[in-house]
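Please read the structure below before turning to the comments.
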Amino acid sequence: MSSNGNKLELPASIVIRDLAQKIEKSPIDLIKKLMTNGVMATINQTVDFDTAAIVVAEYGFEAVLEAADEAAIKEEAGEVPLWRQMIAGEDEAQLKPRPPVVTILGHVDHGKTSLLDAIRSTEVAVGEAGGITQHIGAYQVEKKGRLITFLDTPGHAAFTQMRARGAQGADIVVLVVAADDGIMPQTREAIAHAKAARVPIMVALNKIDKPNANPDRVKQQLAELELVPDDWGGSTMVVLVSAKQKQGIDDLLEGILLVADSNGIKANPNGKVIGTVIEAELDKSKGVLATLLVQNGTLEAGDVVVAGTAYGKLRAITDYKSKSIKKAGPSTPVAVMGLSDVPSAGDIFQVVKTDKEARILVAGRLEAIKTQAQARKKVSLEDLFANVQAGEAKELNLIIKADVQGSLDPIVNELNKLGGGEIGLHILHAETGNIGNNDVMLASASKAIIIGFNVQADVDGRRLAEKEGVDIRLYEIIYRMTEDIEKALKGMLEPKLVEKTLGRAQVLQVFTASKFGRVAGCKVTDGELKRGAKVRLYRGTDTIYEGDLSSLRHEKEDVKEIRQGFECGVGFKSFNDIQPGDMLMCYIVE
Ligand code: GDP
């Protein structure tokens, strides 16, 4: 491989367009290079790392596998699935089979949501008439007298996030592939995630009702990705379904039970109570609402639960049908109330004996967060790169506040994607709610920047931030935020300019001076005016001129500045439309 030592990090697979962008070459050029290497690919096609490495070498880059992918591959080599690790202390003899927990992954528009709806509606049809089920992020269906738990936030972002926190929500991945579209980039990604998590994959070949459905072509593609279909002699179960026409749903559910049986999914219903937070939010009237998936033991109303740094005695437990229940065994998703704080999706929860024990555990965790935080240094986003160049900062610490948990997760994911470069990016704290004193204190202590998404900083918080010099940045659009952070990380963010008002004056009369055209005779009402500073002229609420204060006179003398109470003549370069009564504001930009 030719190389000039220009290292280029690449993922396990990459779309041609993205690859071209990475090396700043035209995609056409890249496609031609691929062709000369015997690979025919279009701009939207994905190539694997090895292929990408060969072409980028032609441009003088040495490809290295991205750290994250390397970790995934290393992890893949491990043996024990995460849920097994979670019940590591249990006596094998006490373990009993439990319902499998299933998550649905796949490329966008291949029918994940439709399939979840179809499964849920077939069950509701057999269950209570017209039963409207509450959305809590998970539901259960019954098949052959056995239960199956579905997580109903599809997509691998949620799946990966759980894993990142050390939890494994799902026991089985159902990979949805549209029979008319075949394997797409996100299908590959989903496979990579499931493999890295060592979760068995089965395939729902969806949209078989479509005239252009081609199941055999998809099976071929699956086989090429080492998911050889069972009817081709392989070990991957492939079920043909139509979410739209509710076809094949029974087969799919039966298939899930078979996969569950062959994987020996177990827990000890009488063991230590432990599980994963599926989702959580703050309800204005009910307080913290959380969906917990019990993974071992049996959760009961009145239990004291610790989830991340949130804790509390569970006041009420309801199932996904909003029915109040007293106990929830392994694989049961439940909605609970009574936690002190909003935990994060993917946090592992446990039951402790007393409130006191919970408080001690949480205090320890908070202390750990604080000491981690204190070890870091203060920056504003604009100063970041300068500090890095001065050798004063090597990382960017962020505190993220968002309106709802649902926007928090994608923000954290997007930001995490920006990390890994020369400047480390750490998210110290991410939660829902407005920016308050506590956030500012944490930011100040840990030299962090606060990012608010669709939230405000409350008055006290803002005041404290000014005092402590904490940078608060508010956004309403995710990409604007990621764009700013990315620019800051690359040292391209323009310094933030702040206007500082010097003084104001009122125009009393207007006269003509040969040199400047029309001149405003003014009285300074507050502060001062300075020659060379910026000036803005208002008529009522309209701004009618913005520019430099180019001439300033007091009683026919040129002066540099003039203070409150004095009269003066002000001239503006090439602007003559001045009227008595106009207000003038003099300011500088720092
Ligand atoms: P998701 O992005 O994977 O959640 O996909 P959706 O469930 O939103 O489905 C995407 C589109 O495909 C929607 O317009 C669905 O109506 C359609 N769709 C889903 N399943 C089927 C199916 O089995 N047959 C047909 N013909 N269309 C389907």
Side-chain angles (χ1 to χ4, degrees), residues 13 15 44 46 101-125 132-139 141 143 148-162 169-170 172-194 197 199 201-219 221-222 225 227 229 236-256 278-279 291 320 333 345 405-407 409-410 413-414 478:
S13 63
V15 176
N44 291 319
T46 308
V101 180
V102 179
T103 191
I104 297 191
L105 305 182
H107 194 72
V108 63
D109 278 347
H110 279 196
K112 299 180 289 295
T113 314
S114 306
L115 191 59
L116 279 162
D117 288 347
I119 295 167
R120 183 192 269 248
S121 71
T122 48
E123 195 261 355
V124 170
I132 295 163
T133 53
Q134 180 199 9
H135 172 95
I136 62 164
Y139 65 82
V141 299
K143 183 75 202 166
I148 302 171
T149 305
F150 283 90
L151 300 182
D152 71 358
T153 357
H156 50 242
F159 178 77
T160 321
Q161 176 157 15
M162 273 195 199
I172 297 172
V173 164
V174 169
L175 182 70
V176 176
V177 188
D180 58 339
D181 209 16
I183 304 285
M184 296 300 280
Q186 285 169 294
T187 322
R188 289 174 198 273
E189 266 181 55
I191 295 171
H193 288 303
V199 177
I201 301 173
M202 62 178 290
V203 177
L205 246 178
N206 191 32
K207 306 198 188 185
I208 49 154
D209 59 289
K210 285 192 131 181
N212 54 343
N214 189 348
D216 279 339
R217 177 176 153 256
V218 184
K219 286 183 182 177
Q221 292 177 324
L222 287 167
L225 295 170
L227 293 176
T236 301
M237 190 175 301
V238 179
V239 183
L240 304 192
V241 299
S242 164
K244 194 170 188 178
Q245 302 190 341
K246 302 200 168 72
Q247 272 176 42
I249 306 296
D250 277 345
D251 294 346
L252 180 68
L253 298 180
E254 278 177 31
I256 289 170
I278 302 295
E279 57 178 46
T291 299
Y320 72 98
Q405 190 70 31
S407 40
D409 297 342
N413 279 330
E414 286 303 312
I478 294 188

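Source: prediction; values computed, not measured. Order of appearance sets the numbers: ligands from 1, and atoms from 1 within every ligand.
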Could you list which atoms of ligand 1 come closer than 4.0 Å to a heavy atom of [X]?
X	result
H107	3 (O)
K244	21 (C), 22 (C), 23 (O), 24 (N), 25 (C), 26 (N), 27 (N)
K112	1 (P), 2 (O), 3 (O), 4 (O), 5 (O), 7 (O)

Does any non-hydrogen side-chain atom of [Y] lie less than 4.5 Å from one of [X]?
X	Y	value
T291	Y320	no
V101	L151	yes
V203	V218	no
D250	K143	yes
Q221	V177	no

Pick whichever of K207, K210, Q245 has a heavy atom sitting closest to atom 28 (C) of ligand 1.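 Minimum heavy-atom distance to atom 28 (C) of ligand 1 goes to K207.
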If hydrogens are left out, which of L115, D109, V176, D180 has an atom nearest to atom 2 (O) of ligand 1, that is, the closest non-hydrogen atom?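 Answer by nearest heavy atom: D109.
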Looking only at heavy atoms, is any part of T113 under 4.0 Å from ligand 1, and if so is it the side chain, the backbone, or both, or is it neither?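 Both parts.
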Any Lys/Arg nitrogen of D181 or K207 sitting under 4.0 Å from an Asp/Glu carboxylate oxygen of the other?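 Salt bridge flag = no for K207 with D181.
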When you compare ligand 1 with A243, is there at least one nitrogen or oxygen pair between them that comes in under 3.5 angstrom?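 A243 vs ligand 1: N/O contact under 3.5 Å present.
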